[in-house]
Each structure stands twice: as structure tokens, then as C-alpha cells.
Amino acid sequence: MAKHVVVIGGGVGGIATAYNLRNLMPDLKITLISDRPYFGFTPAFPHLAMGWRKFEDISVPLAPLLPKFNIEFINEKAESIDPDANTVTTQSGKKIEYDYLVIATGPKLVFGAEGQEENSTSICTAEHALETQKKLQELYANPGPVVIGAIPGVSCFGPAYEFALMLHYELKKRGIRYKVPMTFITSEPYLGHFGVGGIGASKRLVEDLFAERNIDWIANVAVKAIEPDKVIYEDLNGNTHEVPAKFTMFMPSFQGPEVVASAGDKVANPANKMVIVNRCFQNPTYKNIFGVGVVTAIPPIEKTPIPTGVPKTGMMIEQMAMAVAHNIVNDIRNNPDKYAPRLSAICIADFGEDAGFFFADPVIPPRERVITKMGKWAHYFKTAFEKYFLWKVRNGNIAPSFEEKVLEIFLKVHPIELCKDCEGAPGSRC
Amino acid sequence: MAKHVVVIGGGVGGIATAYNLRNLMPDLKITLISDRPYFGFTPAFPHLAMGWRKFEDISVPLAPLLPKFNIEFINEKAESIDPDANTVTTQSGKKIEYDYLVIATGPKLVFGAEGQEENSTSICTAEHALETQKKLQELYANPGPVVIGAIPGVSCFGPAYEFALMLHYELKKRGIRYKVPMTFITSEPYLGHFGVGGIGASKRLVEDLFAERNIDWIANVAVKAIEPDKVIYEDLNGNTHEVPAKFTMFMPSFQGPEVVASAGDKVANPANKMVIVNRCFQNPTYKNIFGVGVVTAIPPIEKTPIPTGVPKTGMMIEQMAMAVAHNIVNDIRNNPDKYAPRLSAICIADFGEDAGFFFADPVIPPRERVITKMGKWAHYFKTAFEKYFLWKVRNGNIAPSFEEKVLEIFLKVHPIELCKDCEGAPGSRC
Amino acid sequence: MAKHVVVIGGGVGGIATAYNLRNLMPDLKITLISDRPYFGFTPAFPHLAMGWRKFEDISVPLAPLLPKFNIEFINEKAESIDPDANTVTTQSGKKIEYDYLVIATGPKLVFGAEGQEENSTSICTAEHALETQKKLQELYANPGPVVIGAIPGVSCFGPAYEFALMLHYELKKRGIRYKVPMTFITSEPYLGHFGVGGIGASKRLVEDLFAERNIDWIANVAVKAIEPDKVIYEDLNGNTHEVPAKFTMFMPSFQGPEVVASAGDKVANPANKMVIVNRCFQNPTYKNIFGVGVVTAIPPIEKTPIPTGVPKTGMMIEQMAMAVAHNIVNDIRNNPDKYAPRLSAICIADFGEDAGFFFADPVIPPRERVITKMGKWAHYFKTAFEKYFLWKVRNGNIAPSFEEKVLEIFLKVHPIELCKDCEGAPGSRC
């Protein structure tokens, strides 16, 4: 009887894993559980907030899609996991047995600064982005100071930079940029750290970019509270400061959602409830449980004065999904080969009229290769990639062979690597 | 009977205001009072000091010029203003009544460091520049250390940078640069601050430029004394330091001249005797008194450890003149429309063989647009602009329509803006 | 009877001096003493360590070479100098009289950090480089952390930078760079100081370069000890730190060799046993003794928190040799003209696939000209220069006139300068 893989999560991680499994093993029973009825292209949420995209252009309904690839779709919230009984129970009480479980839920958003949830905005979900779009109209009508950034513990910094630079461009297009003081406040030790110790000379590139686009910045501080008219932060000496603000957007920190915690401390890292995985993104205790995407616990690259985490970008997640799919299929076929994802990343930060192209292979140092470039070409590259990725999702082929070939030729990127053994933190070398 | 506008000052501000008024209202009675018989193109004074320009090439005698445009010229020092009686009294005792008064005197130079006036040089006036030219010959004959910079309270930093980089180029041409240690000492918190919090990535650009041209620099310090053989400065910890110097050039700070003070504390800012104006460059108390140019009191952009002021560059002054002329003419015509200058600026710092092109719109943040470029083209651009500006002065047309069109197309610059009301500091947004 | 010039040293300094003397004075008696039987092209020693060059390709045997240009070659160690008796005694006790003596021995290497000699590697001699090549094979087989840099008192920093960037490239070619954390630890006050206060914007260029090639760096610290598995350094606050290391390469500091010390304190600088010379590289006490190359005592350009010295690069040494040869020949011909070397330098730091081109004229500030560029062209330029220099050595023509012409046209470089008098430290201006 065909083995049954259950995937929790309908984002990049869940879809990529399900598609990889289907391509590797046509007869495998795959069930994907997601509380959201759609796949949303997360990198376009800042554009959605800007009103530069419509929701339907950057999302794909899952119910009509997945059955095309013989993947059962359950549009419910996964409530709990019983790793001993190999079952997942949904919010309606449905109990689903699995041979293998892939947790790709994405994070639980933690709006940790006081008043953040009520007074600020977010672009982490499509729903939040649409709300932010409304709040921006008020700003355009009655311009005032804008403060954007990241609270302590954040790991996903990129969208905050994108949103700030996009908003600069939008305000400039509307001819009111000179009426809107913009300030970027971040927990990173320096601008362009991104939770990964910077990528190439990103510190200087971003400092220059913010100087040229007249965005003031404050790094290495802890945002404590966000009020309707100001942001309050504390510096390393414990001094408190205030920045006036009419509009704010702050990245939340991430935790594992309750469903991961329900699987117990062998699966959920006590510190942040993220899925404990080894370098093959397999749970060291329950070998038939895997983690893919933002919900996996990757240790910080370095201790920073204000806590920061390691971002899990799209390309890293696709590589995790590919490795996990290979490891599950090999396990089913009693093939001892185990794979670890390379965890390299192309990040394109869109600034509206141009963009920044950052490539790090791998993200977790030491790195073989780093590329940092800026230009209008990168803006068009990202727009094209968005359409390409959504085409991949609609067509059930998340890792076309030509894509791998192109990445190998131009960037010498190998998405996954054969590992002697999987013991070791995620990102450690095979 | 035609209204009478009296303009005090024959520099960029005075000439631009008079010409704007004449173009807007052909029958208006305009009188321009200046203690100098000529208009001098101030941005070329560093070149005059270098011996790269002759005085006659960068100045225009006013006596034969202004009558061509039906502007009465009084070549005398304006001694005092009686804002209640609406009169200006000249040094010879002549009392001139006005309906509207435009104070465009330029600044009183304050050589605030001990010994600065006797031991150092200046390029703020054509006379000073010619003296500096002589002092430079001594340096060329007997090379030794050079120290250039700005004392506390300075707002006009650009010419100091230009002069340092031009002198580097001149010494190099003479093959003696390697015998002349050059040091730049400034009250700015960092190199390339320029009194405006920097323009784009000017901090890094200028640091690199000084590194490449082997000009040592010390920022964020207060020059206390300038002696024939050394400069003495104090750092933020109160420690005193000495730098050997055979030749020095230090920018003075600016105050309003006595004539402004004579108008009383409602017109002359008690702190620096500059003309108190609102965002339409109108005196809030005496609505028929306006200020244009360096003599206007624009509040600092930020508090700096050592006091610095906001520069008023050529383009900003031309925009002030255009706004003031429109406001006077509208007042005469009972047209309620009031204008504020955009206060954007193109600054080209000439380095002799190349130059730096800095554009900020507006200068006082937040800024809509910033451009920072370097190259030989910018050097030729500045040379061409000098000839173009002098052509404008000679031809009585300070704001040709094609110029506005070009600025609008290429830099999206609008020199003046309609304002709901004029209440608010100069540089505040309409 | 022809005068007799004895040159101690068969490196760039000794060969360049002997060849210059021969070209200036065909009948002069020249004897060159060297403990090494070959001339080795030192700038290629890092390439030798990488295995990118064979020893025979970058060295020239002296015994068959020098007689071709009527230069007697004694392949022995010079043991002592008697400056009063004008004699040099070799290790075998041979006593050689001279009319003029040129000390071009190169330095004695001082591996000053505890355990440096046993546990680390060096690329300062061909022998050391070949040993380093072997140690690298162990690293490739079993990758681990690499630490490279410079201990306190070092003056020759360039090769450490080259070696680090070359090793990055080599590891990348082998696809194991991402398994090798690389750290650069230096006594320089900042990265890219090079012992000369930086060259142009070298600080930022090298910081960006190390960021892009993911080489962590620590500057302004004193390496205290190098153990088989770690490097121990002390920061300016006296705190000790450890960096894990599987492979290390640290530049030693330089002293004058014993033979210089044997000439007494009027010839050997008590502090570092280097040859005391004036600006014409003549010993102020014994006017018939000259110094050329690394063994000459050039005072540091600035006091740095951790001691650093001034590097003597290839071009500087060739200029010293030219000046000294002219001064000796003029002395013989009772021609009062005295020459000082300009001490300008082209340094090309090879990174394997590209390189950094640094030009400073002169090296010791103030500088007339500075050029800093990076690119693949610079890598090919260095490779071509290596072949060209070895061709010069093999053909006895160290300063072809076309070379001088090319340098003069493109870089406006004059290798030597007429001096009114020679009193003054080396590098001081004529």
C-alpha cells in the first residue's frame, strides 16, 4: 500500500515539498492541510500593501489546484500532532494518520512591542497587507512622519527594507515625499545585517542607499512600544528615545504555531516552538517528521547585542523542500542516501523603480560566493520571477530541470547535497 | 502711482529679486542699494583665489547695467532701516522711502577663531580671494603644511571643500603636492555633512575623495585659534590639539550686517542678526519687509555637537528671490496667492580637474530627490554654468522660462510653491 | 685602478643596484655576495605557496648569470662588516675590501608571536612558501578554520592580504570554501592601512572586498600566540581572545640581519638593526656605505596603537638602487649631484581571479598621486609584470629607458630626484 505523507502548510514550503514528492514518487499518497484556502506569493505582499498588486494576481486557490496533481487538500487548521501515534488532528476533530509528516506551517507572528498589534501595520500576510494599503491612503491624504523597522527577535528583515524603499518611491511619485520624514529602526547590529551578518558589503550599500533616499536610520536598538503618534525604543545603554510617527510598519518576530508545540518538546524547540531539525531537516527524535521553511529552528549565525534570527528565504525553503522530499522517498525505497539543503539564497529587494540583488551561497557562512548588485534590471527580474514562480505553482512543477541548470551554470548553485550523516544543526556542513 | 520696492544688496539675492520684480511688473519702481559697485559671481571666488579667473571675468559693474532694466542703483552702504517709517538711510544720510523692502545684503563675516583675521585667509569676497591668491604664491615658492576648514558656527562649508581640492590639483600641477601635507579641519559632525546632514552618501564619497587625494581630515572639532605657524583646535572631550600650518584658509561664520540689526529685534534675529522670515520669506511683523539669500535666518536642520548652520546656496537664493518677487507683486495686485521657495539646490564642488555634482530637492529634509555624482563632466558643467549665470545677469533675465523647463524635465524641480499660509519657519512645508 | 663596489644581497635590491652600477660605469669592479645561489621573485612567493608557480619559473641562478655582466658572484653568507677597514668578511673567513659597500641583504625574519615558528606558516622565502604549499594540502583534505594576518611590528602587510584572497579563490575552485571559516587578524589600526596610512580609499575597498569574499577580520590587535588549533590575540583594552584555527599564515616582523649589526651602532639602527641611511640612502657616518631595500630603516609614517612599519615595495627598492648607483658613480666621478629615490610604488595584490592595483606617489605622504582600482585586468597585469621583471634580471637591464618613459607618461613617475643635500630621514623631501 502506498505510503502516506501529510504536509501541514500551503505556503512555499508546503507546496514545494508536495510537488517535489509527487514528481519523485507518482504513486505516493500526499495530503496537504492548510487553514488558508490559497497559496499566496509572500514576496509580493509588500507590493500588495503598496497597491501595486491585486490579491488575485499573487495567489492561487488550492482546492481546484492540488487534486490536479493527485494531492488531497484539507482546508482546515491543523490543531495537534501526536508524533507517537503518527496522527494529525484538525480543528474539526478529523484525525489523519501519516507515515511521514512534513511541518511547513510558516510562523506564528509575534507583535512583541507594546501596542504594536493595535497601532502599527504588518505585511506578513495578505490580509495584513491589504489593511496596510488602507492605512497608507490616510498617510497620503495627510502626510506625516513614517517609521518602519524591526523589533527585537526578528529574523525576517528584508521586507521591512523593501517596504521602506517602496514607500519612498510611492511618496516621490505622489510628490509628497518631502513632507514625510522617514526613519528606519532595527534590532540588527548594523544596517544591512539582515540577520545573517550582512551579505557582502551590504552594510555600506544600504547605508548609502538610505542616505541617497533620505531615510534616517537607527540600528542596534530595541523597539519597546508603538503608539499612535510615536515609536519608543531603548538603546544599548538603557536610554529611552522617542520618534514621532504618523504611520508605522514593524516586522514581528516569529514563533512556531501551537500545532508544533502540541507535538511536545522533542519536536518543538522550547525557546521558540520552531521545529527541531538536523541538517537534513529531519526531526532527530521522530525520524518520520520533517520541517520545511520559516517554522524550522536554524540557530543564529552570531550573537547580536539585540537578539536577531536567521531568515529563511524563498530559495532556501525550496532547497529544504527538495532535500526533505528526497529523504522521504529514499527512506521509503530503503535508499540510505540522505540530503541536506545547500541553503543558498537569491534575495531581490524591490525599491519600486530599481532593486537590490543579493546572492549568498550558502547563506550561513562561510560562503563560497556572494553577489551584491543594484539596478533597474533587478526590479524587472523580481517582477518576472514572481510571474514565473506563480506559473510553477499553477503547473505543479516547483523545480523544473532547466531552472536547476540555469542556477548551476550562472551561479554554480547546487540546491541539495549528499550527506554522510544528518547529525548536526541545520546549515552545518555535510 | 507705481509702488516702490527697495532692494538692499547687489549679490545673487538682490539682483535676482530686482530682475524677477521687473519681469513680473514692468512699471514697478525698483531701487537697488549696494556698497559694492559690482555684482560678483561668488561661486567663482575660489577660482579667483587660485588665479584661475580674473576679477573682471566674474563680475559685472552695476552702474551701467541696472538702468538698462529701469532699476535705480545707489552705490552706497545702507546704514539703517526704520521699519515703522518704511525708510532706509544710507551712509551719506540719504533717506529712501519704500513700499516694500527686500533685505539681500549677504552676511557679515565673523572670523571667530583667535588670530583668524590676521593669520589666515578667506575666499568669501573677491577682495579676500585676491589676497589669498598672493599668499598662495609664497606657499608655492616655499612649500609647507596647509590647513583648510571651517570654524564653529559656519553654515557655508562647500567653498572650503572646493578650495582644498582645487589646491591639491594646483600643487599637483606644480609638482610640489608631495611637499605639502594637507589637513581639513571642520566643525561638521562628519565629513560631507555640509550643514545639511549630508547629501545622499556624501560622507563616504568625500571620505574616499580625501583619502584618494591624500588630504587628512579632522571633523567634529572646534578650531580655537589660528597662528602664523599652526592651527589650534579642541575636541569634544575638551582636549587641545595643534596642527602645523604654513598656509591656512578657514570659512568664517555669518551674521546679519549692522543694517539689519538697526531694524530692531522684530526684523533681526537676536541670536545672529539675520532677517527673521516665515516660509514665504516675509518678515512676520513687518509684512512689507522680505529677506532673500544668506542673510535670512533658516533654523539648523539638526543640533550638531559643534554648532553648524544651514547653507543658502545659489539655487536656493534664486528660488527665494522668485517667491519674494511673486509675493510682493501679488500683494500690490491684491492677489491672495502666496509662494514659498522650494529651497532645492544643485551644488557643484569644483576640484580643478573634476567636480562633485550634488542635488537635493529640497535641501531641508525630508527630501524628494537626491543625486550625488562625480566626474570631469561636472567640472565643465560648472564652468559653463558660471558663464551662463553671468550672461543672465548682464541680460536682466534671471529666470528664463527654458531654464525652468529644463529643471522641471530633468530634475522635476519646481522653484516656488503655492502656500495655504506663510506661517512657519523658512523651509517648512506649505 | 677601477673602484670596487661590494653589494651584499642577491634579491631585488642587490641585483638592481649591481645592474644600475654596471650600466652607469662599465669598468667598475662589482662584487655581489649572497648566501642564496639564486634570485627569487619575492612577489610570486604567495603564488608558489598556492602551487600556482614552480620554483624554477620564478628564480634565476646567479652563478651563471652575473659573470655575463662582469659582476663577481660570491655565494656565501656575509658574516661581518668592518666599516673602518672597509672590509666584508664572509662565513668562510674570506675578507673582501671595498671602496663602496651597498647593504641589500633583505631582512631577518622575526616570528615574534609565541609558537609562530613551529605552528604557523610563512611565505617570506621560497623555502617557506614550498612548506606552506604542503600544509595547504592537509587543509584541502580536511577543511577547517583558517586564520591569516600580521603580528605586531610587521611592515610587510601586502602578501598577507594576497594570500588570504588567493586562498579564498583556491578553496572556491575546490568547492570547499563554504567549509572553511576565514579570519584575517592584523596589527594595522584598520584594514587596508598597509603600514602607510592606507592608499586612497583602501580602508573601504578592502573592507568591502573582505565582506564580499566572506573573510572576517579583526584589526588593531596584537597576536600573542599561535597554537596548532587556535590563535590568541590581545585587544587594546588588554582583553585576550581566541580564534579557532586549523591552518594559519602570519607575516613576521623584520629586523636587520647580524651582518648589519656587526658594523656597529653607526650603521645598524639600535632599535631594529636596520641600516641607518639618510634621504639619499647613504649612511650618514660612513659615507661609502649605502643601504637598499627592506634592510633600510625608514621611520613609520604615523604612530599606530599597535606598532607597524613602513613597507619597502619592489618599485621603491628599484628606485633606491637607482639613486644609490648614481650617488656612488657621481662620488667616483667627483660629481656633487646627489639623488634621492622618489619612493613611489605600484602594488598589485593578486586575488587569484582578479587583483587590486594600488599606486601611490610617493608612498610616504603627502602624496602627489594615488590610484586604487580592482579588476581582472590587474591580475593579468601582475602576471605579465612577473615575466617582464624576470626577463630584466636575466638580461642585466633593470631600468630599461622605455620603462622609465612609460612610467613617466602614464603615471608621471620620476624614480629619483636631485637633492640639494642628503641630510634628512629617508623619504623626506629634497
Side-chain angles (χ1 to χ4, degrees), chain A residues 139-148 164-184 190-192 201-219 241-248 351-354 356 372 374-376, chain B residues 189-194 196-209 211 279 301-303 316 319 340-345 356-374 408 411-420 424-430:
Chain A
L139 174 70
Y140 301 151
N142 193 351
V146 163
V147 183
I148 293 167
L165 289 154
M166 282 175 172
L167 186 53
H168 162 80
Y169 176 61
E170 179 66 23
L171 292 167
K172 198 170 84 171
K173 272 198 310 183
R174 292 168 180 264
I176 56 170
R177 171 67 178 91
Y178 76 114
K179 296 185 175 180
V180 179
M182 290 185 75
T183 307
F184 190 87
Y190 50 81
L191 216 57
S202 55
K203 176 175 184 291
R204 183 180 58 74
L205 288 174
V206 182
E207 281 175 6
D208 283 358
L209 190 66
F210 272 28
E212 266 144 35
R213 304 198 185 180
N214 199 211
I215 298 171
D216 297 330
W217 52 272
I218 303 155
H241 308 261
E242 293 183 359
V243 180
K246 164 159 265 178
F247 172 92
T248 64
F351 312 151
E353 50 191 341
D354 52 0
T372 52
M374 300 221 181
K376 294 201 185 228
Chain B
Y190 50 81
L191 216 56
H193 177 275
F194 302 142
V196 295
I199 298 182
S202 55
K203 176 174 183 291
R204 185 180 57 73
L205 289 175
V206 181
E207 281 175 5
D208 284 357
L209 189 66
R279 74 163 68 109
I301 282 172
E302 55 183 351
K303 200 171 168 339
M316 289 165 82
Q319 294 173 351
R342 175 79 172 198
L343 298 182
S344 46
F357 178 96
F358 298 92
F359 168 66
D361 172 40
V363 166
I364 297 166
R367 296 184 185 131
E368 200 95 353
R369 239 166 248 93
V370 163
I371 297 174
T372 52
K373 299 234 183 265
M374 300 220 182
E408 206 185 310
L411 295 175
K412 299 187 178 65
V413 162
H414 309 278
I416 61 175
E417 294 186 339
L418 206 56
C419 260
K420 280 165 287 176
S428 57
R429 302 308 187 240
C430 291

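Every chain is numbered from 1, with letters handed out A, B, ... down the list of sequences. The model shown is predicted, which means the values in this text are computed figures rather than measured ones.
- Every residue meeting the side chain to side chain contact (heavy atoms under 4.5 Å, CB included) condition with A345(B), not counting sequence neighbours, appears here in chain and number order: T313(B), M316(B), C347(B), V363(B).
- Nearest heavy-atom pair, G200(B) versus A211(A), reported as atom, atom and distance to 0.1 Å: O-CB, 3.0 Å.
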Which donor-acceptor pairs lie under 3.5 Å between chain A and chain B?
unit_1  : atom_1 : unit_2  : atom_2 : d
I176(A) : N      : E368(B) : OE2    : 3.4
R177(A) : N      : E368(B) : OE1    : 2.9
Y178(A) : N      : E368(B) : OE1    : 2.7
Y178(A) : O      : R429(B) : NE     : 2.4
Y178(A) : O      : R429(B) : NH2    : 3.1
Y178(A) : OH     : E417(B) : OE1    : 2.7
Y178(A) : OH     : E417(B) : OE2    : 2.8
K179(A) : NZ     : C430(B) : O      : 3.1
D208(A) : OD1    : R204(B) : NE     : 3.2
D208(A) : OD2    : R204(B) : NE     : 2.4
D208(A) : OD2    : R204(B) : NH2    : 2.4
N214(A) : OD1    : R367(B) : N      : 2.5

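- If you measure heavy-atom distances from I215(A) to chain B, you find no contacts under 4.5 Å at all.
- Only the backbone of I176(A) comes within contact range of chain B, with heavy atoms under 4.5 Å apart.
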